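Remarks on the structure that follows.
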Amino acid sequence: MRVYADNAATTRMRESAYNAMIPYLRANYGNPSSIHEDGIKSHEAVESARKTIADCIGANPNEIYFTSGATESNNWVLRSTQSVITTAIEHSSILNAVKCPIIYPNQNGIIVPDRLFFNNVGLVSVMYANNEIGTIQPIREIGNICRESGIIFHTDATQAIGHIPVNVENDNIDMLSASAHKFGGAKGIGFLYCRNGIELPSFHFGGSQERGKRAGTLNVPAIISMAVALKESVENMEKENEKVLSLRNCLLDELLAIPDSYLNGDRKRRLPNNINIQFDDVEGESLVQILSARGIMISSGSACSSGSLQSSHVLRAIGLTGGRANESVRITLSHENTEEEIDYMISNIRDCVSHLRSIRSVR
Ligand code: PMP
């Protein structure tokens, strides 16, 4: 059996998104900047996608800028201001892009709004949901504090969009980053939402695409896939989350029944598909490798930091020692997982954990 349970790293493209992008690869391949009929067709498809995406998050179409993904969107946001405050659990595309004061979460991985302090700050950036431990931040409250203080509020909503309700009006969000491949769209495409009235510098220079702010020929097929995937994710969210939550809770209860295992991050304020769990005396990387050999795909730390030997900055920020962080793995489900797959994971994880513990104890 093969089980894909690394959906925070990337998701399988939704079938509808895949079908929708195909005609724009060979049949309707006009450049949306061209003024002939083929160009106009592409332009209309792109603008309709922009409206769909805007509608899904409560924005206006002219507040959506297409980018290559959340990394670019985050970099763009940080380039728009000199003075930023962010958190210790952000993605590397925030933390490596700027040196600035950092707020720490509580030991459950939640940013407590009382801990926010501002001194000559132009922008606050707090992620909506964490990519490693799945914790969901009090975005509305933080957005409200920023608004009252006249500070621009950005959220990296890459793991939240399409998975939990996100609305820029209700949530007091001024800027937002997203990537399509996290919700069943193509890879290498995303968007930046920037509220009308906020000054946004050009990301790079060239043609007049994206109102002159982000030059370069638009990736029409990928944009179409993103809009279709987001609409379908939002429309099916309740139904899909009900299934995912029940599978996740079943898996989590069984894994926590393994002796000396601990959940990382808050259990309640958490994405419905996320488990991040530590097993004493089990190296996370080894567990990932032997499960992979048995057809089960999970992750140790975040996929972006796998391959480097550093322990997760997120797990260390919530107080885990480097050792315990390295004993942690992340399992992120999707609506496509089945009960049989969950059973297969439970028995294999149990087995592999005790195997790894036994070979460690004889060393
Ligand atoms: N932010 C978060 C929270 C993420 O999880 C990721 C992807 N791991 C990114 C930003 C970057 O997304 P991309 O690689 O698609 O640019």
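Note that the coordinates shown come from a computational prediction; the quantities given were computed from them, not determined experimentally. Start at 1 and go down the list; that is how both ligands and their atoms are numbered.
- For atom 11 (C) of ligand 1, the nearest non-hydrogen atom from the set Thr71, Ile94, Thr155 comes from Thr71.
- A donor atom on one side chain and an acceptor atom on the other are found under 3.5 Å apart for Glu90 and Thr87.
- The residues Glu283 and Arg360 are annotated as not salt-bridged, no charged nitrogen and carboxylate oxygen being separated by less than 4.0 angstrom.
- Checked for salt-bridge contact, Arg50 and Glu47 meet the test: a charged N lies under 4.0 Å from a carboxylate O.
- Here the shortest heavy-atom distance to atom 9 (C) of ligand 1, taken over Glu132, Lys182, His91, belongs to His91.
- The line from CD of Gln278 to OH of Tyr262 is 6.5 Å long, rounded to the nearest 0.5 Å.
- Near Ser179, meaning under 4.0 Å from one of its heavy atoms, ligand 1 places the atoms 12 (O), 13 (P), 15 (O), 16 (O).
- In terms of polar-atom proximity, defined here as any N/O pair under 3.5 Å, Glu72 makes no such contact with ligand 1.
- Salt-bridge annotation for Asp280 and Arg357: absent, with no side-chain N of the basic residue lying under 4.0 Å from a carboxylate O of the acidic one.
- Atoms of ligand 1 lying under 4.0 Å from at least one heavy atom of Ser93, given by number and element, are 10 (C).
- Each of the atoms 3 (C) of ligand 1 lies under 4.0 Å from some heavy atom of Met127.
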